[in-house]
Structures are given as structure tokens and as C-alpha cells.
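Below, read A as the first sequence line, B as the second, and so on, with proteins coming before strands; counting in each chain starts at 1.
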Number of protein chains: 2
Amino acid sequence: MAVRAGVGRGTVSRVINGSPRVSEQARAAVQEAIAELGYVPNRVARSLVTSRTDAVALVIPEPQTRLFAEPYFSDIVRGVSAELAGTDMQLLLTLVRTSHERQRLAQYLSAHRVDGVLMVSVHQDDPLPDLLKRIEMPAVLSGRRSGPEPVSHVDSDNVGGARLAVRHLVEVRGSRAVATITGPPDMDVARCRLDGYRQAIADSGHEPDERLVAHADFTEEGGREAMRRLLVRRPDVDAVFAASDVMASGALRILRESGRSVPDDVALIGFDDSVVARHTDPPLTSVRQPTEEMGRTMARLLLEEMATPGRDHRRMVLPTELVRRRSA
Amino acid sequence: MAVRAGVGRGTVSRVINGSPRVSEQARAAVQEAIAELGYVPNRVARSLVTSRTDAVALVIPEPQTRLFAEPYFSDIVRGVSAELAGTDMQLLLTLVRTSHERQRLAQYLSAHRVDGVLMVSVHQDDPLPDLLKRIEMPAVLSGRRSGPEPVSHVDSDNVGGARLAVRHLVEVRGSRAVATITGPPDMDVARCRLDGYRQAIADSGHEPDERLVAHADFTEEGGREAMRRLLVRRPDVDAVFAASDVMASGALRILRESGRSVPDDVALIGFDDSVVARHTDPPLTSVRQPTEEMGRTMARLLLEEMATPGRDHRRMVLPTELVRRRSA
DNA sequence: TTGAAAGCGCTAACAG
DNA sequence: CTGTTAGCGCTTTCAA
């Protein structure tokens, strides 16, 4: 290769890496040689000397649920992948099931086997973000554990979205006893959506009532159970804001089973814009968060951070919107 | 490291790679040194010399649809990931959107940047399997293009599953005019499910009628359109076998809009065991294919093939089963 | 600006 | 069985 272009190995390398310290003449010669020989640099050899891997990991903690089947993860993956397609960065998918796998992951990251990390669905007690900070590995979370994080993260406006939804139930549908089925208290996203609910209730002038608040775990089963509890505690409930579409679907089923016609008796609203919301019949009104855009933003942020070592971490909040699929 | 154990570099390497040509004594010394120094071998350096990458790519062609949101892909990913977790093979996720990206992928694979390839959702005209065969890269497909493939693949028993479903409609529900909404003819999976439908109709002794067959594209919109066509062509249709759950959901909506009550007037059956099938109300009876198991099998097959260069490719067919979620 | 040379950390071939 | 040696293909000083 160096011979073919009539220059030294060093010069070839400089051309490929776009160094400015190369004469036009040499650059042209090398580029011609590249074209003729169909030369493709060996990334592994490069990695060995640069100690970069040109790969980022997307970490998805995966408990018992089929979480991954939800559009949230798919959309994140799509967004990340789309953003990375323009670079020659590889996307490693890392599902973490067991605590053993968590430890292996920690080792893996500590060994700097990737250049950066994206994480979704972080729980309160997750030590990974701190580890990432400590080993100074560029990282971006979607969501956060609570309060300030040591690494960058992108979030959607959960509080605002929840307020939008609950206000819709109160003002447009005229509901008077709006309940909420929210997520586990150890997830910031659940707390925020609950906050939004409470704010909207306060704004409406209705009486807040803790019996109208049910915690669940973002699964359909959880949604069903929560709905049953709500019906016992406040049989007069006439609207439900569920903090996820799957829970909304579960609630819907219970309402139907209990003989209540939806939406005549009860208004139901989910959070995500999802398969479930769309395929439930009638489709649920819901709050859409721009999930794919969140994925793209995460990737962009990560790339920037990888290019600018030591840069301060950022927090980005993307807007949410109400999607009405049926008339009130 | 070699010094610490009081042996040569070569011996260290042999111990790490589990070579049998090492004395117990030396092995113990090295392992102790490893433990004390917390030594972790550098994979990149190893890759450079072995020219293996310890990574496999999962290729997902992704057209305009939100395909990835369907449980099929998620379950495949879960299965593959679970199987790979035991090895130290990395999983690269490769979504292919544009033809430009397809070409980049072809280059990428030709450059042997991964040790093996898993592919899902292959279409008739996909050249990738042939490329993989040509460059002798271990590869496993889920499904096939049509007839024999040059590489290994795992499939579910689509013909049998479709027969099961249609027989259920005919025998248990007593339907007389069973229609089918099937996938695009350029996908083997669609042709097989259509075959199964035809066989079951033939078995039942009912008159086959091409007006009862509608092709669609595995999307909900496609399912709706197909259902509309069917209602025009054979208003007496009293059962539908849809070759995917999403299409079944679309068909369901049209049936409801047309004032027909399901399941009183009409029986509907989907193919996959999915979020949609479960959340549709009432839940659809459906045919379940063991998707996660398919993912695991794909990964296992690939690992075997990587370990045994030159091995003949295999075809595996996994059974399907009928899942009844409501009484007839 | 550029060629030459020195490794990056590992494995594999080769003598012992 | 084991120590030594020679690279894998690239980037990066370091002189020129």
C-alpha cells in the first residue's frame, strides 16, 4: 500500500485520518492507491494502538417482564441506531437479566471494551451511573434515578405530560373523580407522572384523595390489580390516568369486566403512544413522548461527549403532547 | 505478568486459552498471578493476531413499519442475547433501513468485522445469504427466502400452525366461510401460512374460494384494507385467519365498524402470541410460535457453526401451538 | 512535510 | 512441557 502510493506508511496513515500535515500531492497519490487497491483499514489494529473500540453499548436492564416488546425500547433502539448509522460506531446491545450479568457488565465497562454507554430504564439503586462517572466513560441515560445525576441524561416532560392528560380528563370530559395508576416509587419517571397528576388535580380545585392513587409496576397485570383496588376504594371513580399504556390496557379490561362501559362511564388515558394504545378498542387517548427522538438525542449527546473528553454532563428534557384518538 | 508468575509469555497465553500442554504447576502459578494482579487479557490485541472479533451481528431489515415494536423481534433478541450471555461473544445490532445501509453492511461483512451473522425477516430478493455463503461466514437465518437456502436457518411450523388455526375455526366454531388475510407473496412465511390455510380448507371439505384470500403486508393498515375487500367479495364471511396478530387487529376493527359483533357473528384468529393479541378485547385466539426459543436456537446453531468451520448448514423447524383465549 | 522506527498486547511457531 | 521470537496492521513519535 505504502509502496503503491510511493510514500511511507506514516503518510498513508495521516491521509486516512485526515491529518492536515500532508501535501496535496501525497494525499492525491494515496487516495488513488486506496481506490485502486480497494484498501480498507483494519480497525482492530487501529484499536490496538489508539485504545478506542469504535463501539458503544446500549444497556437494557431486563427484569421478568417483556419490557422489550414495548414500543419504548424499540423506539429508543431505532433512534440510537439511526443516529449511529452516519458514524462508523458499532452498537452493542446488552440485556442485563441477573445480578451476575450486572457484574460482568461492570467488569466489561471497567475494561473499557466500549467507548461509551447508553442506558435506559435506570432504577433508583442502580450503581452503574456512578461507576461510569468514576471510570470517566462517556455515558447518557434516558431518564434519571432521582435529582441530579453524575452523567448526562435525556428525559421527556413527564410532569407536563401527566398534567396535560389529567387536565383533559377534568376539563374536556368533565370527570370529577380522577384516579391514577402510577409506576413504582423507585423510578423517577413514575414519581414525575404522579406529581403531574397531583398538580393537575390541585389546579382543578377538586379534592385530592390518596385513595385515588394506586401504585403498580408498569405491567398489564399490575394495571389490572391497581384498577381493582381503585374500584373498591372509590367506586365512584369516573376517570383514570395510567402512567403507562400497558397499565391503561389492564385497567380497561377490569372496567369492562366490572360491567362499566368505557368511555361512557369512565375516561381512561394512557401515557405512551404505543401499540397497545392504538390497538385497544376504542383506542386510548394518550400522552406521546418522542421516544425515537430521545434515542437520537441520547446518541448525539454521547457522540459529543466522546469527542470532548472532560465536558460537563447535560440534562435535556423533551416535550410531550396529548394525542386524542376519540372525541370526548 | 509473565515475570510475576515466573514463566514465559507463551505459557501465560496457553493457560488463558486453556491449552492442555501446560503443567499443573505452571498453570497454578499463572492463575495465582492472574488473581493477584487482576489481570484481564486485552481482547483487541488478541483479535489482531487471531483475526477473530468475538462478535456476531444480528441484522434486522427495517422498512417503514415499526416492525421492531412487534414481539417477534423482541423475542428473537431476547433469545439470542440469553444464549450469547454464556459466551463472551458480543451482540451487534444492525438495523438496515436504506439500500445504502445495505451496501455498507455488505462491505462490513466482507471485511470480516464479525465472526458470524444472524438474520431475521429475509425477503425473497435478499442477496445477503448468498454473500454470506460466498465469503464463508457462519450465518443463521430465521425463516428462509424460499426452498433451500445456502445457509442454516430455523423456522417455525407455519404450515402446521395455520392448519391448526383454520381447523379450529371450522371444527370448533363451525365456521363455513373462512377467509384468510395473509402476508406478501415474496415472503416464505406468508406462503407457508397460506398453504396451511388451503390444506385445512381442503381437509374440511368446504369449497375453496380465491375470493376468501386477501394479501396484505403484515401491518394493521394492511389488515384493515384486506378485511374491507373480503367483506365486499364475500359478505357472508364468518371467520378470518390472519397471518399476523397486527393484521388480525386491523381486521377486527373493520368488523366492528361494519356493525358485526365479534365473536358472535364472526370468528377471528391471529398468528402470533403477542401484545396485540392479548390486549385486543376480547383477546384473540392465536397460534403461538416459540419466538424466543427460535432466537436461542439461532444463536446456538451459529456458535456451533463458528466452532466447526466447513460444517454443512442445517434447517430446523420448531413447533407451533394454538392458544385459545376465549371459549368458542 | 515526510520516512523510518518503535511499539500497542497478544498468539503461534519453533526450538529446546 | 516451556521460553523465546516473530509478527498481526496500525498510529505516532522522532529525526530529517
Tabulate atom names and distances for all N/O pairs under 3.5 angstrom spanning the protein and nucleotides 2-5 of chain D.
residue, atom, partner, partner atom, Å
D:dT2, OP1, B:Ser23, OG, 2.3
D:dT2, OP2, B:Ser23, N, 2.6
D:dT2, OP2, B:Ser23, OG, 3.3
D:dG3, OP2, B:Gly8, N, 2.8
D:dG3, OP2, B:Thr11, OG1, 2.5
D:dG3, O5', B:Gly8, N, 3.4
D:dG3, N7, B:Arg14, NH2, 3.0
D:dG3, O6, B:Arg14, NH1, 3.4
D:dG3, O6, B:Arg14, NH2, 3.3

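B:Arg144 meets the side-chain hydrogen bond (donor to acceptor under 3.5 Å, both in side chains) test with B:Asp188; sequence neighbours excluded. Checked against side-chain hydrogen bond (donor to acceptor under 3.5 Å, both in side chains), A:Glu83 has the following partners two or more places apart in sequence or in another chain: A:Arg300. Residues passing the salt bridge (charged side-chain N to carboxylate O under 4.0 Å, His left out) test with A:Glu32, sequence neighbours excluded: none. Residues satisfying the salt bridge (charged side-chain N to carboxylate O under 4.0 Å, His left out) test with A:Arg9, not counting sequence neighbours, are none. Under the side-chain hydrogen bond (donor to acceptor under 3.5 Å, both in side chains) criterion, B:Ser152 pairs with B:Glu305, not counting sequence neighbours. Residues meeting the salt bridge (charged side-chain N to carboxylate O under 4.0 Å, His left out) test with B:Arg52, sequence neighbours left out: none. Not a single side-chain hydrogen bond (donor to acceptor under 3.5 Å, both in side chains) links B:Ser47 to another residue, sequence neighbours left out. Legend: residues meeting salt bridge (charged side-chain N to carboxylate O under 4.0 Å, His left out) with A:Arg102, ordered by chain and number and at least two apart, are A:Asp126.
What separates CZ of A:Arg46 from C1' of C:dG9 is a distance of 19 Å, to the nearest Å. As rounded to whole Å, 18 Å separates atom C1' of D:dG9 from atom CZ of B:Arg52. Atom CG of B:Asn17 is separated from atom C1' of C:dC10 by 9 Å (rounded to the nearest Å). Atom CG in A:Leu48 sits roughly 12 Å away from atom C1' in D:dG7 (whole-Å rounding).
Residues from residues 109-117 of chain A that place a heavy atom under 4.0 Å from any atom of DNA chain D: there are none.
A donor-acceptor pair is defined here as one N or O able to donate and one able to accept, closer than 3.5 Å; such a pair exists between the side chain of A:His313 and the backbone of A:Glu149.
Here side chain to side chain donor-acceptor pair (under 3.5 Å) pairs that include residues 130-139 of chain B, with residues two or more places apart or in two chains, are B:Asp130-B:Arg145.
Rounded to 10°, the angle separating the first-five-pair axis and the last-five-pair axis of the helix from C:dT1-D:dA16 to C:dG16-D:dC1 equals 40°.
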Problem - Pair A:Tyr72-A:Ser142, side-chain hydrogen bond (donor to acceptor under 3.5 Å, both in side chains): steps then yes or no - result: CA-CA 11 Å; A:Tyr72 175 71; A:Ser142 90; 2.4 Å; yes
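The side chain of A:Tyr39 has D:dC10 as its nearest neighbour among C:dC8, C:dC10, D:dC10.
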